[in-house]
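Worksheet: the structure to be examined is printed underneath.
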Amino acid sequence: MQMGILGSGLMGGKLGTIFARAGHEVVFSYARSEEKLKRLAKDSKGKSRPGTPREAAQDADAVLLAVHWSRFDDVLQQAGDLSGKTILTCSLPMNDDNTDLVVAHTASGAEELAKRVPRARIVSAFNTVPSEVLFGVFEARRKSTRPSLVYCGDDSSSKEIAAQLIRDVGFEPVDAGPLRISRYTEPFALLVAQLAYEGEAGPEMAYRFEWLGR
Ligand SMILES: NC(=O)c1ccc[n+]([C@@H]2O[C@H](COP(=O)([O-])OP(=O)(O)OC[C@H]3O[C@@H](n4cnc5c(N)ncnc54)[C@H](OP(=O)(O)O)[C@@H]3O)[C@@H](O)[C@H]2O)c1
């Protein structure tokens, strides 16, 4: 697939690199320096290149939205018309000092995004894992037991794309249902982050939650 990365930081940079290594064509966009985008494209060693948000989005089969909540309007405006596009969002609706969700319980960042780009197909995915575990999960992808990763959305074909990408990274995709389920997964993601960084188990504990389900 052709993947557009909107936000090439910890999540976008790593996931874009993994998508490229898994064989997808990746356009890295939206960082504060062009040099960084060039370096990501070079280091990912796949079919990838740097570009503007508009270039990342225009021919993409799917785009990954990986920016801080405060950058949503800016990056969406730079990306242009996203009608009909599959947007995977790993972004969480965090306040400026990243201590709390600014949208929670009765709605979610993913649902707000769906309101802002009503003709796009939104899937919430990858926000329940800290970026630190992504390369490790990718490297262990051929092991028989794969960590689970929940995703949700309203459009079935976009969810198939998301499930494939989740598998490509090395997780077992778990369909949590419609996009409104992100009201529960986003606070869960915040809990995971708090436990991962403040608890003793470290970032890997993010996907150990699957043990609870067994
Ligand atoms: N990090 C995690 O483990 C994690 C886990 C789950 C969910 N999330 C969510 O994923 C989203 C992205 O998180 P992240 O940790 O990847 O953030 P990040 O590392 O700060 O990446 C954000 C990207 O946006 C770019 N950016 C910021 N301001 C910009 C501007 N004015 N102009 C152009 N580019 C700009 C940054 O540029 P630079 O590269 O130049 O800094 C960076 O590439 C957030 O919503 C976060 O809540 C993160």
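Whatever order the structure lists them in is the order used to number ligands and atoms, beginning at 1.
- When all heavy atoms of Leu6 and Ala79 are compared, the pair lying nearest together is CD1-CB, 4.2 Å.
- If you look at ligand 1, the protein residues with a non-hydrogen atom under 4.0 Å away are Ser8, Gly9, Leu10, Met11, Tyr30, Ala31, Arg32, Lys36, Ala66, Val67, His68, Arg71, Cys90, Ser91, Leu92, Met94, Asn127, Val129, Pro130, Ser131, Tyr197.
- Contact detail for Asn98 and His68: the closest heavy-atom pair is OD1-NE2, 3.2 Å.
- Taking Lys45 as the reference, nothing meets the salt bridge (Lys or Arg N to Asp or Glu O under 4.0 Å) condition, with sequence neighbours excluded.
- Between Ser182 and Ser108, the side chains place a donor N or O and an acceptor N or O closer than 3.5 Å (distance only, hydrogens not considered).
- Heavy atoms of other residues, nucleotides or ligands lying less than 6.0 angstrom from CZ of Arg180 number 12 at most.
- Heavy-atom neighbours of Phe135 CZ from other residues, nucleotides or ligands within 6.0 Å: above the threshold of 12.
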